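In what follows, a single structure is set out as structure tokens and then discussed.
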Amino acid sequence: MSDNASNNKRLARNTLFLYLRMFFVLVVSLYTSRVVLNVLGVSDYGLYNVVAGFVSLFGFLNATLSSSMQRFYNYEGGCRGNQGYKDVYCTGFWIHVLLAIIILFVLETVGLWYINNVMVIPSDRLLSANILFQFSIVSMAIVILQVPYLSAILAKEKMDYYAIVSIVDVVLKLLIVIILPYVPKDKLIVYGTLSLIIAIADFLMYFIYAKVHFSYLKLGVTLNKDIFKSLLSFSGWNMLGTFAYLLKGQGINVVLNAFFSTIINAARGVAFQVNGAISGFNSNIATAFRPQLVDAFAKKDTDRTRKLMFSQSKLCYCLILVLIVPVILEMDNLLDLWLGDAVPENTNIYSSLVLVDLLICTLNTPVTQVAFATGNIKKYQIYNSIVNLLLIPACVILLKFGCNATSVFVVTIIFSIINQVVCLIKLHKIFEFSYTDYFNDIILPCIFMTLLLPILPIAIRLTMNSSILRFLMIVFADVILAFVVLYYCILNKSEKNLLIKFVRRHAES
């Protein structure tokens, strides 16, 4: 079996593991979200989203360092084997310890002041907000320290274990919501305490597995200066881009809180629960593709790198489109079924707009992954960050002129389109690909599918009364039409052959 065939088989297997994980996590997460909203109430749920979200605003280092560590594990491991992995681990471990200390200091000073002096929080919930803030800070520090171990697991494509930990994590969260209604004390504080315990459990599971299975992850006092310099530089520019992207999400939460109230934060929180449920599918594909993208580039196989980028782009976009069409068409009914009478006002509108933004952003993920594979991300991240950071003043100006909260979600979509164009231009300067090929092979097929796929589901919605049967009919029509369009109009010849081989192999097994 050729290397590419073996890699494709492993890629398909890992994607399957991640999807099994995703379906389980999705079902349980939707249920836990409903219970948490009902138990905490709309106001406390909004308070949790804005306070815990504020910590994640400063905890952007986690996403930055995780992708950076995984990139260097794959690149150095592909070039220098186990010694490369060891050098990356030693260097990355001490960088993470240092950054965890720095971020703790910032949050315990500037962050604490912001919580008590700037955030719009009901006076009788200020003490609870501060306690929740402390739990969230510790959880964030633990997540940062687990990055060297989680990144090693993902770099080695151990997606089966990653899926197991994710399932254990969501089961523990399910146990929390089962216990929470019977807690006589402040439920917000109890929820924060138990969430911290789960963060500790996740860390231990990643730490023990990595230490047992990867013998080269041994801590040393001597750092590889070249890797230290490269990793720090890469992480620094990646940090800039991640921070700007996070402001696009969590930063808007803070802006809405300043102009409105925690009720709006609750509605947006529910909208992003919907977003998180759908975006997890995109993340699964990205997680499966990332190691092979970096490995292919490290081996100077630019042709395979380009093919992986194009295939991932189409697959991510089409999958998310298939998922969001029935969700948007039946949003009101799904929210009522999920949350009952506890649906915050305008959640249906916010959720639909957030999903449209997610659809556009799926095209950006493969572009960014290829840029990261090259390691030359300075200018790419600067321009990407400028576009994303400009979103915040644009939203503030709209709200100051009296626009409603919905306008914030609309302008976010506009900025996502602008950002995609900018990122493609910057990638073209550091990685060779044809604009014409990208447009013909990705943009045109995606536009065609976007226009064609909703026609039949919309027709069903207009001709049938609201019911479970209508929803099932919409899903059935959506999926069947998607498979037909995907196979005959979206996939190229090599991708069709890969799909056929994958289906036959699993049908025979």
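Every value quoted in this text rests on a predicted model; they were computed, and no experiment measured them.
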Does the side chain of [X] reach to within under 4.5 Å of the side chain of [Y], using non-hydrogen atoms?
| X | Y | answer |
| --- | --- | --- |
| H96 | Q146 | no |
| V143 | F203 | no |
| L112 | N130 | yes |
| L99 | I103 | no |
| N388 | N384 | yes |
| M205 | I164 | no |
| Y73 | L154 | no |
| T109 | W113 | no |

If you count every heavy atom of other residues, nucleotides or ligands that lies below 6.0 Å from F228 atom CZ, does the total exceed 12?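 Atom CZ in F228 is not crowded, with 12 or fewer foreign heavy atoms closer than 6.0 Å.
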Within the supplied structure, the quantity of interest is the number of heavy atoms (other residues, nucleotides, ligands) at a distance under 6.0 Å from K229 NZ; does it exceed 12?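 No - once you tally the heavy atoms of other residues, nucleotides and ligands closer than 6.0 Å, there are 12 at most.
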Approximate separation, where rounding is to 0.5 Å, of [X] [atom1] and [Y] [atom2]:
| X | Y | atom1 | atom2 | answer |
| --- | --- | --- | --- | --- |
| Q369 | R71 | CD | CZ | 13.0 Å |
| M309 | L427 | CE | CG | 5.0 Å |
| I386 | L391 | CD1 | CG | 14.5 Å |
| I153 | K158 | CD1 | NZ | 10.0 Å |
| L358 | L321 | CG | CG | 11.0 Å |
| Q134 | I189 | CD | CD1 | 12.0 Å |

Can you see which heavy atom on C423 is nearest to which on V367, and at what distance?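 For C423 versus V367, the nearest heavy atoms are O-CG1, 4.0 Å.
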Quick one: closest heavy-atom pair of L293 and A373, and the distance?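 Closest approach of L293 to A373: O-CB, 4.3 Å.
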Face-on cation placement of K426 at Y383 ring, 6.0 Å and 45° thresholds: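 Yes; both conditions hold, so K426 lies above the ring face of Y383.
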Are the aromatic rings of F234 and F72 close, with centres under 6.0 Å apart?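 Yes, close enough.
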Assert yes or no for the condition that the ring centre distance of Y89 to Y149 is strictly below 6.0 Å.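 Between Y89 and Y149, the centre distance is under 6.0 Å.
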I413 and L353: side chain to side chain contact (heavy atoms under 4.5 Å, CB included), yes or no, with the steps? CA-CA 8 Å; I413 295 172; L353 292 173; 4.0 Å; yes
Go through it in stages, so that I can follow the logic: the residues are Q312 and L308, the test is side chain to side chain contact (heavy atoms under 4.5 Å, CB included), and I'd like the CA-CA distance, side-chain angles, deciding distance and then a yes or no. CA-CA 6 Å; Q312 183 185 350; L308 286 170; 6.0 Å; no
Donor-acceptor contact below 3.5 Å, side chain [X] vs main chain [Y]:
| X | Y | answer |
| --- | --- | --- |
| H428 | F433 | yes |
| D169 | V165 | no |
| T362 | L359 | yes |
| R304 | F297 | no |
| S233 | S230 | no |

Please test F431 against N376 for side chain to side chain contact (heavy atoms under 4.5 Å, CB included), starting from the C-alpha separation and ending with a verdict. CA-CA 10 Å; F431 179 77; N376 185 14; over 6 Å; no
For V170 and L174: C-alpha separation, side-chain torsions, deciding distance, then whether side chain to side chain contact (heavy atoms under 4.5 Å, CB included) applies. CA-CA 6 Å; V170 80; L174 176 61; over 6 Å; no
Indicate the ring-plane relationship of F310 and Y438, choosing parallel, tilted or perpendicular according to the 30° and 60° boundaries.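 Correct class here is perpendicular.
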From CA spacing to verdict: side chain to side chain donor-acceptor pair (under 3.5 Å), T368, Y380: CA-CA 9 Å; T368 301; Y380 180 90; 2.9 Å; yes
Steps toward side chain to side chain donor-acceptor pair (under 3.5 Å) verdict (T412, D357): CA-CA 7 Å; T412 298; D357 182 61; over 6 Å; no
